[in-house]
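Have a look at the structure below, then the notes.
Keep in mind the model is a prediction, meaning the values are calculated, not measured. Side-chain atoms are counted along with the backbone in the values below, which use heavy atoms only and exclude waters and symmetry mates.
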Amino acid sequence: MANKENSALAQALTRYLDCPCTYYAPMRDDDPLMEAFREAQQRGKEQGFTPVIVAADDDVLMEALVCATDSAVEGEDYAFDIEAVRAFRRGVLSDGIADSDEVFGRMFAVREAECEADGEDYGFDGCIADSAELPEIEDRFFGYWDYASKKTMPVIIAEIPTDKPWEIFAWLPFGGWNECPDAADMMAVSKSWYDRYGAVPSVITHDVLDYELSRSVPVTDAMRLAREQFGFCPDVIYSAEEDFTAGTLAASLMKARFWTFWWD
């Protein structure tokens with residue numbers, strides 16, 4: 001159930017997001033959280049907002065959000081200029097959406113160069129693996145779990161005031177560092193995936209992003225999508241088992257209804 005006794009950091013995040021937010025304390029069983037999220041999704045369809053589950057006590061995430069919007073001010077902990085945050089959002093939204101083909105091509109070219117330099121070949125020109133040989137794919141979000149405590153992290157469900165799910169990154173520009181894409185690229189990628197598969201960004205921490213799909217990935221799209229995801233987040237292959245290839249990734253994408261991305 002919702003808990004109003006949230007931390008100073010969670011309260012600051014709520015002010016930053018500038019929209020209705022509900023705090024949820026850690027829980028061993030995430031059923032109440034998912035029930036609240038599903039209810040928010042239904043209301044969002046009727047009222048024109050997109051709910052997102054956001055890590056509430058994540059100092060690194062808060063720092064990234066303030067840095068991305070250049071809104072830091074001197075003073076108390078987690079202080080920021082909300083007008084600077086709002087100006088950043090208006091600017092990102094007015095810039096429009098970048099061409100997704102250009103974004104995907106640029107991202108994959110970087111990974112391709114890395115593979116060539118390392119002498120690696122993950123088989124992007126090969127065949128899709130036999131999906132029958134894949135382990136069972138869990139249908140759940142991963143991003144909000146604290147695996148040390150075996151509980152969910154403290155989170156908020158934020159009702160981002162847009163019915164275009166890719167625009168949530170104007171409110172949550174958590175990337176733009178190391179290999180994690182910035183807000184503009186996140187929006188272009190997310191719009192493309194939403195249009196094709198109904199993929200909605202649904203869970204955000206400082207280094208994890210979960211999507212939920214409303215449609216399955218057809219076999220004709222699977223290898224293309226594997227290339228896109230490898231460019232977007234190389235750890236989908238780099239951190240997998242040694243014999244995990246592009247063909248394995250493509251086959252798993254045809255079965256999955258949830259995608260998890262993470263960046264170091």
Side-chain angles (χ1 to χ4, degrees), residues 30 34 37-38 41 53 99-145 147 165-166 175 178-181 185-205 207-264:
D30 66 344
M34 286 305 302
F37 183 63
R38 297 303 183 206
Q41 286 179 314
I53 301 173
D99 179 78
S100 60
D101 288 341
E102 184 280 326
V103 173
F104 286 129
R106 168 167 42 84
M107 290 177 172
F108 186 77
V110 172
R111 307 303 162 220
E112 196 171 36
E114 291 174 351
C115 292
E116 183 176 346
D118 294 340
E120 297 286 357
D121 181 0
Y122 293 106
F124 282 97
D125 294 325
C127 299
I128 299 172
D130 183 352
S131 61
E133 298 176 0
L134 295 176
E136 183 177 352
I137 296 174
E138 294 191 63
D139 286 341
R140 62 182 295 182
F141 292 127
F142 283 91
Y144 55 62
W145 285 102
Y147 289 97
W166 57 90
N178 293 351
E179 294 178 329
C180 186
D185 283 352
M186 288 274 191
M187 288 175 63
V189 166
S190 296
K191 184 178 188 305
S192 179
W193 288 344
Y194 178 80
D195 290 343
R196 288 149 57 197
Y197 316 115
V200 175
S202 300
V203 179
I204 291 177
T205 75
D207 60 354
V208 176
L209 172 61
D210 284 348
Y211 287 79
E212 183 175 15
L213 284 68
S214 63
R215 300 188 289 279
S216 61
V217 175
V219 64
T220 51
D221 268 19
M223 189 60 79
R224 171 192 174 188
L225 180 59
R227 290 170 62 93
E228 293 173 353
Q229 293 203 356
F230 181 56
F232 182 67
C233 177
D235 273 351
V236 295
I237 286 184
Y238 288 165
S239 293
E241 296 179 358
E242 186 174 350
D243 59 350
F244 195 87
T245 67
T248 315
L249 176 59
S252 68
L253 291 172
M254 292 165 56
K255 298 177 67 175
R257 294 295 180 273
F258 294 82
W259 298 336
T260 297
F261 301 101
W262 61 98
W263 296 269
D264 292 329

For Val189, does its backbone N or O pair with a side-chain atom of Ser192 as donor and acceptor, under 3.5 Å?
-> no
Asp221 versus Tyr197, side-chain donor and acceptor atoms under 3.5 Å | yes
Would you mind reporting whether Met107 and Asp185 have side-chain heavy atoms less than 4.5 Å apart?
-> yes
Using a 3.5 Å cut-off and no angle test, enumerate the donor-acceptor pairs between side-chain atoms of residues 222-229 and protein atoms at least two apart in sequence or in another chain.
residue: Arg224; atom: NE; partner: Glu228; partner atom: OE2; Å: 3.1
residue: Glu228; atom: OE1; partner: Trp193; partner atom: NE1; Å: 3.0
residue: Glu228; atom: OE1; partner: Arg196; partner atom: NH1; Å: 3.3
residue: Glu228; atom: OE1; partner: Arg196; partner atom: NH2; Å: 2.9
residue: Glu228; atom: OE2; partner: Arg196; partner atom: NH1; Å: 3.3
residue: Glu228; atom: OE2; partner: Arg196; partner atom: NH2; Å: 3.3

Partners meeting ring-ring contact (aromatic ring centres under 6.0 Å, His included) with Phe108 (sequence neighbours left out) | Phe124
Verify salt bridge (Lys or Arg N to Asp or Glu O under 4.0 Å) between Glu112 and Arg106, making sure each step is shown before the conclusion.
-> CA-CA 10 Å; Glu112 196 171 36; Arg106 168 167 42 84; over 6 Å; no
Residues Arg111 and Glu120 bridged, charged N to O under 4.0 Å = no
Taken to the nearest 0.5 Å, the spacing of Asp210 CG from Phe142 CZ works out to 8.0 Å
How about Phe261 and Val236: do any of their side-chain heavy atoms sit closer than 4.5 Å?
-> yes
So do Pro201 and Pro165 actually touch side chain to side chain, heavy atoms under 4.5 Å?
-> yes
Stepwise, does the side-chain contact (heavy atoms from CB on, under 4.5 Å) test hold for Arg257 with Ser216?
-> CA-CA 7 Å; Arg257 294 295 180 273; Ser216 61; 3.3 Å; yes
Side chain of Asn178, backbone of Cys180: donor and acceptor closer than 3.5 Å?
-> no
Would you check if Leu253 and Trp259 make a side-chain contact, meaning some heavy-atom pair closer than 4.5 Å?
-> yes
Show the numbers, then the answer: is there a side-chain contact (heavy atoms from CB on, under 4.5 Å) between Met254 and Ile128?
-> CA-CA 10 Å; Met254 292 165 56; Ile128 299 172; 4.2 Å; yes
Ignoring hydrogens and geometry, is there a side-chain-to-backbone donor-acceptor pair from Thr248 to Thr245 under 3.5 Å?
-> yes
Taking C-beta and beyond as the side chain, do Phe37 and Tyr144 meet within less than 4.5 Å on heavy atoms?
-> no
Any donor-acceptor N/O pair, Asp207 side chain to Asp264 backbone, under 3.5 Å | no
Side-chain donor-acceptor pair under 3.5 Å between Glu114 and Tyr238, yes or no?
-> yes
ring-ring contact (aromatic ring centres under 6.0 Å, His included) evaluation trace for Phe258 with Phe141 | CA-CA 7 Å; Phe258 294 82; Phe141 292 127; 4.9 Å; yes
All heavy atoms of Arg215 vs all of Gly198, minimum pair found to be NH2-N, 3.1 Å
Taking the side chain as C-beta and beyond, is there a heavy-atom pair between Glu179 and Pro234 under 4.5 Å?
-> yes
Please report the C-alpha distance between Ser100 and Phe104 in whole Å, then the side-chain angles of each, then the deciding distance to 0.1 Å, and finally whether the side-chain contact (heavy atoms from CB on, under 4.5 Å) criterion is met.
-> CA-CA 6 Å; Ser100 60; Phe104 286 129; 4.0 Å; yes
Could you tell me which non-hydrogen atom of Trp263 sits nearest to which non-hydrogen atom of Phe232, and how far apart they are?
-> NE1-O, 3.2 Å
Taking salt bridge (Lys or Arg N to Asp or Glu O under 4.0 Å) as the test, write out the residues that go with Asp99, two or more places apart.
-> none
Between Thr260 and Val208, is a side-chain contact (heavy atoms from CB on, under 4.5 Å) present by the stated rule, with each step listed?
-> CA-CA 7 Å; Thr260 297; Val208 176; 4.0 Å; yes
Do Trp145 and Asp30 have side chains that get closer than 4.5 Å, going by heavy atoms?
-> yes
Exceeds 12 heavy-atom contacts within 6.0 angstrom, atom CG of Asp118 = yes
Non-hydrogen side-chain atoms of Val200 and Ser202 separated by less than 4.5 Å | yes
